[in-house]
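Because the structure is a prediction, the values reported are computed rather than measured. Here is how names work: the chains are called A, B, and so on, in the same order as the sequence lines, proteins then strands, and each is numbered from 1.
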There are 2 protein chains.
Amino acid sequence: MNLKQLSKNLGLSQTTVSRALNGYPEVSEATRLRVRQAAEQFNYHPSTRAKGLATGKALAIGHVIPISTKHEMVNPIFGDFIAGAGEAYSRNGYEMILSIVDDASEEAIYRGLKSRRAVDGVVVHGPTLDDPRIPLLNSIDLPFVVHGRSSGATSPYAWLDVNNTRAFHRAASFLYDLGHRRIALINGLESMDFAHRRRAGYEATLHDNAIPIDPALMRSGEMTEEFGYQSTRDMLALKNPPTAIMTSSMISALGVRRAIESLGLVMGRDVSVVTHDDALSYLRNGGDIPIYTSTRSSVRDAGRQLAEMLLAEIANPTEQPQTRLLEAELMVGQSTGPAPTR
Amino acid sequence: MNLKQLSKNLGLSQTTVSRALNGYPEVSEATRLRVRQAAEQFNYHPSTRAKGLATGKALAIGHVIPISTKHEMVNPIFGDFIAGAGEAYSRNGYEMILSIVDDASEEAIYRGLKSRRAVDGVVVHGPTLDDPRIPLLNSIDLPFVVHGRSSGATSPYAWLDVNNTRAFHRAASFLYDLGHRRIALINGLESMDFAHRRRAGYEATLHDNAIPIDPALMRSGEMTEEFGYQSTRDMLALKNPPTAIMTSSMISALGVRRAIESLGLVMGRDVSVVTHDDALSYLRNGGDIPIYTSTRSSVRDAGRQLAEMLLAEIANPTEQPQTRLLEAELMVGQSTGPAPTR
DNA sequence: TTGGGCATCCAAAGCGCTTTGAAATAGATT
DNA sequence: AATCTATTTCAAAGCGCTTTGGATGCCCAA
């Protein structure tokens with residue numbers, strides 16, 4: 001069923017039917033109702049493609065997911081983020097189109113999306129410290145919002161981020177207040193902006209309290225379970241081991257706990273652990289008292305909010321790029337306790 | 001830059017330019033080259049929308065991800081599957097469009113995709129035992145391939161699945177051969193077809209060896225870390241505890257190990273564990289000797305293959321729906337050993 | 001009766017592409 | 001030189017929608 005058929009069926013012109021359906025005022029309420037009902041009855045939906053051609057809008061948002069040719073890693077938070085964003089899109093009649101692409105061809109993809117007029121805007125995932133996508137997107141004039149920030153950016157851009165620095169500052173201070181002086185950090189890849197900011201927060205606490213920074217207590221890598229495990233084993237084997245460990249992801253926190261327990265130690269008593277928790281649906285840190293003490297911020301909710309920012313930007317382009325900083329909660333769980341005295 | 005401008009620029013008609021770009025034979029190689037170069041130079045890409053309108057193809061595949069309103073769970077394998085499929089799409093000039101949708105409105109989404117002509121086909125994720133989407137898609141005549149199977153389906157349909165029954169049969173037999181007689185199963189939700197098949201494989205082994213089925217050793221639920229942990233704690237507390245545990249996901253296997261170690265036991269010595277491993281990129285079960293003994297099948301590879309099946313089906317619709325059964329490897333790791341004698 | 005003002009509705013152009021049916025050109029055959 | 005056959009190119013229609021710029025009635029004031 002297409003417009004022509006529908007309007008023939010109703011004995012109206014395509015113009016009138018189109019207007020009736022799209023809520024234009026030049027149509028009497030009676031006909032509008034009649035048209036609506038017929039559309040319903042015949043299950044008529046305008047072709048997105050044709051509509052897009054006629055209006056010049058794509059009614060779609062692009063998500064370009066870089067998969068490094070080096071590490072081949074699909075970000076585990078990606079599913080939840082997408083779920084949040086997807087909700088916002090469907091509520092607004094937008095579609096989400098996804099490109100999985102190795103970082104070599106990433107620029108080509110963005111240019112392609114733009115020149116094929118496939119999307120009205122894109123969201124930028126996993127920004128690095130000095131992300132080339134930001135100047136690129138600005139230069140090709142494709143609306144975008146960054147999930148995270150890029151410290152090296154020289155021009156303004158729209159972003160939504162968690163206050164990673166503050167979160168890790170608070171978490172480290174919390175550990176300090178519990179008496180911990182040897183606090184380790186198991187962080188994400190240092191090329192990622194969020195990892196950089198988290199480290200800054202962590203170091204700020206050390207600095208506040210005149211604790212020297214010990215490189216032996218800092219690791220950075222892809223946040224797998226194994227990485228958490230190995231790093232923890234290594235550090236607990238030091239002559240002067242940490243009494244507390246901060247980690248950037250629930251997944252590596254699982255490895256941290258495993259390492260602790262594998263040494264016959266108890267998490268929360270012998271070694272305290274604080275993790276960042278993206279509130280992933282398949283990694284609930286739940287219970288009445290959460291297992292892990294964590295800096296928590298729902299990545300799903302971030303997806304939802306970011307999508308709405310982007311849609312708003314597209315609906316009425318502003319000169320001023322919007323930004324939004326979310327605060328993470330510090331949730332106290334069972335994985336932290338006073339520093340053991342020895 | 002659009003076709004009209006490009007062809008004016010070249011002093012050719014739109015017809016010729018279009019044909020040159022799309023590889024039709026009615027164009028001399030000389031002009032084709034000239035056109036190609038100009039297109040390159042001006043970074044010309046045909047508008048997907050316009051092309052779709054003209055050809056009647058959408059050049060897009062839909063993935064509809066159901067999020068149960070009840071459990072709100074984003075499948076952790078989803079990211080990797082999508083990554084595999086995405087590769088196949090971009091290689092073939094297709095786009096992937098993603099809809100996250102609660103199960104109530106799922107039917108409406110499929111009908112919408114069809115009537116808006118937004119996609120040329122869809123992939124069905126997470127089929128249940130008797131999945132209503134299969135008859136629905138058949139009836140609205142939207143090409144699809146199912147990732148998994150639906151035992152209750154009455155008409156043929158295209159699918160790609162791992163041989164879950166065989167995999168779990170083999171894994172259980174492997175444990176049996178090691179002397180295990182009390183083998184537990186921590187499975188996914190029983191409404192999921194794959195869980196059903198895995199149980200069938202597990203039960204077949206018990207049956208082969210005249211071991212009675214003990215409901216106390218079988219759990220089913222959403223495969224979180226916590227679920228693996230709790231189930232294991234519970235079962236190891238039985239008067240007659242299992243000596244081996246099979247589980248349906250790496251994530252719950254992490255919980256299983258944690259439970260084992262929390263009791264001061266050693267995985268692979270006191271309790272053997274076999275897990276199904278989807279080879280998720282952020283949950284590497286790696287090393288020279290993998291940590292977990294597992295039935296392994298890359299879900300990413302499955303995505304790639306399934307996408308290719310669907311594209312082939314769309315390119316030349318066959319009367320006979322294609323099906324593909326992948327065998328899982330049984331990888332022996334450190335988590336299994338002979339049953340302890342006591 | 002005339003004409004102005006509203007409320008409705010419509011024909012046709014246009015969005016950027018593909019594809020049909022035909023024309024122009026060049027080379028081969030008689 | 002005339003005819004025929006490939007080869008190469010083109011004009012125009014059509015895909016399904018929106019939107020511009022009228023038309024058509026109808027009612028009321030003059």
Nucleotide [N], atom [atom2] - distance to [atom1] of [X] in whole Å:
X	N	atom1	atom2	result
Y24(A)	dC10(C)	OH	P	18 Å
L59(A)	dC15(C)	CG	P	19 Å
K57(B)	dG16(D)	NZ	P	15 Å
L3(A)	dG14(C)	CG	P	19 Å
L21(A)	dG16(D)	CG	C1'	14 Å
K4(A)	dG14(D)	NZ	C1'	9 Å
R19(B)	dC17(C)	CZ	P	16 Å
Y44(B)	dG16(C)	OH	P	10 Å

task: Considering just the side-chain nitrogens and oxygens of S18(B), establish if one lies under 4.0 Å of OP1 or OP2 belonging to dC17(C).
output: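 Answer is no, no contact under 4.0 Å.
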message: Measuring to OP1 and OP2 of dT18(D), would you say a side-chain N or O of N22(A) lies under 4.0 angstrom away?
response: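 For N22(A), the contact criterion (side-chain N or O under 4.0 Å from OP1 or OP2 of dT18(D)) is met.
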- request: Could you tell me whether the side chains of N9(A) and Q5(A) share a donor-acceptor contact shorter than 3.5 Å?
  value: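 Result is no, nothing qualifies.
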query: Is it the case that S150(A) and D193(A) place a side-chain donor and acceptor less than 3.5 Å from each other?
result: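 Absent: no donor and acceptor within the cut-off.
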query: Between T16(B) and T16(A), which is nearer to the 5' end of DNA chain D once each is assigned its nearest nucleotide?
result: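 Between the two, 5'-proximity favours T16(B).
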- prompt: When you match R117(B) and V27(B) each to their closest nucleotide on DNA chain D, which lands nearer the 5' end?
  reply: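 In this pair, the answer is V27(B).
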Of all the nucleotides listed ([options]), which has the minimum atom distance to the side chain of [X]?
X	options	answer
E26(B)	dG16(D), dC10(C), dT9(D)	dT9(D)
T55(A)	dT20(C), dG16(C), dT19(D)	dT19(D)
S28(B)	dT8(D), dT18(D), dT20(D)	dT8(D)

- prompt: Under a 4.0 Å heavy-atom cut-off, which of residues 7-15 of chain A touch DNA chain D?
  reply: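 The answer is Q14(A), T15(A).
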- prompt: Where along residues 46-54 of chain A does a heavy atom fall under 4.0 Å from DNA chain D?
  reply: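 Hits under 4.0 Å, by residue number: P46(A), S47(A), A50(A), K51(A), L53(A), A54(A).
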Okay, side chain of [X], backbone of [Y]: is any donor-acceptor separation there less than 3.5 Å?
X	Y	value
R324(A)	W159(A)	no
S115(B)	R111(B)	yes
D80(A)	I77(A)	no
S47(A)	A50(A)	yes

Pair listing, salt bridge (Lys or Arg N to Asp or Glu O under 4.0 Å) test, anchored in residues 305-315 of chain B, at least two apart: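 Residue pairs with at least one partner in residues 305-315 of chain B: R91(B)-E308(B).
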- request: Give me the ring orientation class for H125(A) and H147(A): parallel if the planes are under 30° apart, tilted from 30 to 60°, perpendicular past 60°.
  value: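 Perpendicular, since the angle between the ring planes exceeds 60°.
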For E95(B) against T48(B), the heavy-atom pair lying closest together: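 Here E95(B) and T48(B) meet closest at OE1-CG2, 4.1 Å.
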task: Any chance you could measure L136(B), atom CG, to E107(B), atom CD, to the nearest 0.5 Å?
output: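 The CD atom of E107(B) is 5.0 Å from CG of L136(B), to the nearest 0.5 Å.
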